[in-house]
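Remember, it's a predicted structure, so these values are computed and weren't measured experimentally.
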Protein chains: 2
Amino acid sequence: MNSLTTYHSVAARLQSSIHSGELASGSKLPSERGICEQLGVSRVNARDALHFLEAQGLIYRLNRIGWFVSPAPFIYDPTQTHSLRDEARAQNRQLETELISANRTAAPAVIARKLELSATAAVLNVVRRRSVDGRWVLLESCYYREEDFPDLLSKDLTGSLNALVRDAYGFKKRRQDIGISSKPLNQTQAQQLQVREGSPALKLSRDLIVDGRCIVAETEHWLHDAIEMSIRGRTTAG
Amino acid sequence: MNSLTTYHSVAARLQSSIHSGELASGSKLPSERGICEQLGVSRVNARDALHFLEAQGLIYRLNRIGWFVSPAPFIYDPTQTHSLRDEARAQNRQLETELISANRTAAPAVIARKLELSATAAVLNVVRRRSVDGRWVLLESCYYREEDFPDLLSKDLTGSLNALVRDAYGFKKRRQDIGISSKPLNQTQAQQLQVREGSPALKLSRDLIVDGRCIVAETEHWLHDAIEMSIRGRTTAG
DNA sequence: CAGTGGTCTAGACCACTAC
DNA sequence: TAGTGGTCTAGACCACTGC
């Protein structure tokens, strides 16, 4: 049995406050010490309960600021190449994009291998963060083969990068390979999304392949409670 | 800064023991109290460090038994309908399947909606767990429309269910829609995989659609450190 | 039965945020 | 500066596993 333990019952109380709407989506929970006092438990129990609900995706925290009720997840088909902005509009949600950096740098080993470059080669790297309804939920890091994307860094990098690749550079006939795994954010990534190091996230990597060569390697990190992927299949006879 | 905190340094020590091979893949870590003693820290620190590494997918725990080094993840393309067994063989890993239950039951609301059944309708439900190299890592729950799968429950349900659907029931021309999200295991699920309630997992749902109707709705829960999804795209001109 | 992880107490100080 | 979450101590008992 469980549910008899202290922190489970604390979690259950908070959960029912959330479901009843007493704690609205996006709103701030009482402070940890406040919860201790109201429910007569030690702080360890309050925190264990909060961690438990965080794992469920029911609440999230902003580093050193507090705990908040998670909004409904954003729904997203990673195999589609629509701009995210269109998706957001369709779901009636507010999407913001902020450019964090756009540099020419030495390629990390993994990237160099993917892009079939020497270990000392330079690549173009664009890093952005994106918010849904005011919450930073997505960190994108995109690596481009330098020779295939002249002048990339001087273009407008706050819009759809996909559209740039397709329209400005003319890469239309292409394939996209995708990887999905569950990885927490490292210190740098966490800071950029204002969360704690180790926050659970869904890692999505996309390799853009043209003429059998990978020319763009992208990585997206989505806060785990903020995203739900949905892939519509194709009819096959297999 | 971090890395100066006690539990970060404990985590770093364990991590280097793992990377150096001193703690081999699959092997058991020292007990929590053992770690406390060896490194001169309190148990909270030891546990915080272990939780941190668990989130990274570097270690996992069996409920009340101990902490273990996570093996390399299994790689898996959910859009393919190969049997998992073939995939496992290709990756040189040992896959086992165990039937947990096969029943005719009332359809849960979500399932009834998907299968376009009335709220009181019955469905066929098959639940299995699967292990990779001896570790239970996957829980499958599969719901079938009763009228489309006569005699299903009397068939051999320990092999490829996909092959059954395709060959024994002849559903060849079909579409598969997929959903992926990050959800922890509930109490029942956790028990079946011998892990703790709330263990982080990747939830994969697959709807099999034939002639525009969903006839099979499956849910898979993979322990988050045991799986990496890889989807090979198709060349498009879009 | 010994040892493990799971839960829990009642405090403490620190780093940081918001005012 | 007051209050927050983040880290930490030094214990404790319980439920369960493995012998």
Parallel, tilted or perpendicular: ring planes of A:His8 versus A:Phe52, cut at 30 and 60 degrees: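 Rings of A:His8 and A:Phe52: perpendicular, over 60°.
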The side chain of [X] lies closest to which of these nucleotides: [options]?
X	options	result
A:Tyr7	C:dC8, D:dG5, C:dA18	C:dC8
A:Trp67	D:dC13, D:dC8, D:dG5	D:dG5
A:His8	C:dT7, C:dG5, D:dG6	C:dT7
B:Lys28	C:dG5, D:dG6, D:dT17	C:dG5

Matching residue for A:Lys203 among A:Glu220, A:Lys183, A:His224 - test: side-chain contact (heavy atoms from CB on, under 4.5 Å): A:Lys183
Sub-6.0 Å ring centroid separation between B:Tyr7 and B:His51: no
Crowding at CZ, B:Arg13 (>12 non-hydrogen neighbours, <6.0 Å):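 Atom CZ in B:Arg13 is not crowded, with 12 or fewer foreign heavy atoms closer than 6.0 Å.
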Over 12 non-hydrogen atoms of neighbours within 6.0 angstrom of CD in A:Glu37: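 Incorrect, the count does not exceed 12.
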Spacing of [X] atom [atom1] relative to [N] atom [atom2], expressed in whole Å:
X	N	atom1	atom2	value
A:Arg33	C:dA10	CZ	P	15 Å
A:Arg47	C:dA10	CZ	P	18 Å
A:Leu29	D:dG5	CG	C1'	13 Å
B:Asn45	D:dC8	CG	C1'	6 Å
B:Arg61	D:dC16	CZ	P	16 Å
A:Glu197	D:dG5	CD	C1'	16 Å
B:His51	D:dT7	NE2	P	14 Å
A:Gln194	D:dG5	CD	P	16 Å

Along DNA chain C (nearest heavy atom to each residue), the more 5'-positioned of B:Gly34 and A:Val41: B:Gly34
Contact nearer the 5' end of DNA chain C, comparing A:Arg64 with A:Gly40: A:Gly40
Quiz item: B:Arg43 side-chain donor-acceptor pair to D:dG11 base, under 3.5 Å: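 Absent.
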A:Ser42 vs C:dA10: side-chain N/O to OP1/OP2 distance below 4.0 Å: no
Under 4.0 angstrom between A:Ser31 side-chain N/O and D:dT4 OP1 or OP2: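 True: A:Ser31 side-chain N/O within range (under 4.0 Å) of D:dT4 OP1/OP2.
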Sugar-phosphate only, base, or nothing, as touched by B:Asn63 at under 4.0 Å among non-hydrogen atoms: sugar-phosphate
Sugar-phosphate, base or nothing in reach of B:Arg196, heavy atoms under 4.0 Å: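 It contacts sugar-phosphate atoms only.
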